[in-house]
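We number each residue from 1, following the sequence as shown.
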Amino acid sequence: MIPGGRNMSSNHDAMRNVVQQRVDHWRGHKSFAWAGECGIFADYVFHDARAKGLSAQLDSFDDDLDCWSRVTPPPGVTVPQLRELGLSLNHVWVVLDSRHYDAASPAGVDNPLDLLCARLSFVEELRRKSPDLLRCLTRQFDWWRTAEASELEFQAIFKTRDAQYEEN
């Protein structure tokens, strides 16, 4: 049990509900809440969570893949290798009890590099900067295969997504 009488599981359930409610009420294409407007979304979730008594924190990647949370690199690479390749990422999310939440991951993930935004960014940048490495990684590791498939799906929604943004 943690202070306030809730256990970690109920805290994570409460956080998932907070995130999902924000996603459900997000205007325009839902992907903007995790790719484009993640800082605004995370700030809303942070304040909603705090209002419900959850000890949520904000975290973010800067251009150098630095954040407060502990990260585990994707399979087949190290964080220094990602930096050497010039991979960068800007993203803001909410952390509760070492679990990471954003609009694409309302149930949370254990590793911030497993957030969909990070996965898509890595695939997109590797496709430009080191396509041979990306091919090798996708052949060897499911993490990279699913990330690449998700990135292709994301690219396919761009016209619809942009049209919805222009309507708002």
Side-chain angles (χ1 to χ4, degrees), residues 2-63 65-74 87-127 142-168:
I2 59 170
R6 281 193 268 212
N7 63 33
M8 253 202 236
S9 178
S10 65
N11 274 350
H12 291 294
D13 290 342
M15 179 59 86
R16 181 181 60 244
N17 291 336
V18 167
V19 174
Q20 191 60 57
Q21 286 173 358
R22 276 288 166 190
V23 170
D24 291 345
H25 294 99
W26 200 251
R27 79 243 181 274
H29 202 281
K30 303 300 184 199
S31 67
F32 278 112
W34 56 266
E37 298 175 342
C38 61
I40 297 166
F41 182 86
D43 190 58
Y44 280 132
V45 169
F46 169 77
H47 289 288
D48 291 349
R50 287 298 187 110
K52 293 189 180 299
L54 299 169
S55 59
Q57 300 294 322
L58 290 171
D59 202 349
S60 63
F61 287 120
D62 64 15
D63 287 330
L65 302 178
D66 287 330
C67 65
W68 291 106
S69 301
R70 185 178 113 343
V71 298
T72 302
L87 271 60
S88 64
L89 174 63
N90 286 292
H91 189 59
V92 182
W93 68 94
V94 178
V95 181
L96 177 69
D97 302 325
S98 300
R99 195 144 177 91
H100 309 273
Y101 300 85
D102 70 4
S105 301
V109 296
D110 293 328
N111 178 13
L113 293 182
D114 285 334
L115 292 167
L116 185 59
C117 186
R119 294 169 67 120
L120 300 184
S121 294
F122 291 164
V123 167
E124 183 181 13
E125 288 201 40
L126 279 179
R127 188 175 288 127
D142 187 55
W143 191 98
W144 288 98
R145 278 189 297 280
T146 59
E148 184 175 44
S150 296
E151 198 272 337
L152 292 171
E153 289 173 19
F154 181 68
Q155 293 302 325
I157 66 167
F158 247 80
K159 287 183 183 178
T160 305
R161 172 184 140 108
D162 288 348
Q164 286 186 14
Y165 187 75
E166 292 171 2
E167 291 173 4
N168 288 316

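Side-chain contact annotation: Asp102 with His91, donor-acceptor N/O pair under 3.5 Å present. Looking at Asn17 and Gln21, their side chains never bring a donor and an acceptor atom within 3.5 Å of each other. With hydrogens and angles left out, the side-chain atoms of Arg119 and Thr146 include a donor and acceptor closer than 3.5 Å.
Listed by chain and residue number, nothing satisfies the salt bridge (Lys or Arg N to Asp or Glu O under 4.0 Å) test with Asp62 (two or more places apart in sequence, or in another chain). Legend: residues meeting salt bridge (Lys or Arg N to Asp or Glu O under 4.0 Å) with Arg127, ordered by chain and number and at least two apart, are Glu148, Glu151. Qualifying salt bridge (Lys or Arg N to Asp or Glu O under 4.0 Å) partners for Asp43, counting only residues two or more places apart in sequence or in other chains: none.
Considering every non-hydrogen atom in both Ala33 and Phe41, the closest pair reads O-CB, 3.3 Å. Counting all heavy atoms, side chain and backbone alike, Pro112 lies closest to His100 at CD-NE2, 3.4 Å. Between Ala103 and Val23, the shortest heavy-atom distance links the atoms O-CG2, 3.6 Å. In terms of heavy-atom proximity, Val92 sits nearest to Ser60 at CG2-CB, 3.9 Å. In plain terms, the two heavy atoms of Pro106 and Gln20 that are nearest each other are CG-OE1, 3.3 Å. Among all heavy-atom pairs drawn from Leu120 and Ser150, the shortest one is CD2-C, 3.4 Å.
Considering only heavy atoms from C-beta on, Leu126 comes within 4.5 Å of Trp144 through its side chain. Using a 4.5 Å cut-off on side-chain heavy atoms (C-beta onward), Leu96 and Asn11 make contact. Looking at Leu115 and Trp93, their side chains come closer than 4.5 Å, going by heavy atoms from C-beta outward. Counting only heavy atoms from C-beta outward, the side chains of Gln57 and Trp68 never approach each other to under 4.5 Å. His12 has its side chain within reach of Arg99: a pair of non-hydrogen atoms, C-beta onward, lies under 4.5 Å apart.
Going from atom CZ of Phe61 over to atom CG of Leu87 covers 11.5 Å, rounded to the nearest 0.5 Å. Note that CG of Leu113 and CH2 of Trp143 are 6.5 Å apart. Values are rounded to the nearest 0.5 Å. To the nearest 0.5 Å, atom CZ of residue Phe154 and atom SG of residue Cys117 are 8.0 Å apart. Between atom OG of residue Ser55 and atom CG of residue Asp97 there is a gap of 5.5 Å, rounded to the nearest 0.5 Å.
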The test is side-chain contact (heavy atoms from CB on, under 4.5 Å); show your working for Val19 and Val94 and say whether it passes.
CA-CA 9 Å; Val19 174; Val94 178; 6.0 Å; no

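Atom OH of Tyr44 sits in a sparse spot, with 12 or fewer heavy atoms from other residues, nucleotides or ligands closer than 6.0 Å.
Without hydrogens or angle criteria, Asn111 side chain to Thr72 main chain gives a donor-acceptor distance under 3.5 Å. No donor-acceptor distance shorter than 3.5 angstrom exists from the side chain of Asp59 to the backbone of Val95, with no hydrogens or angles considered.
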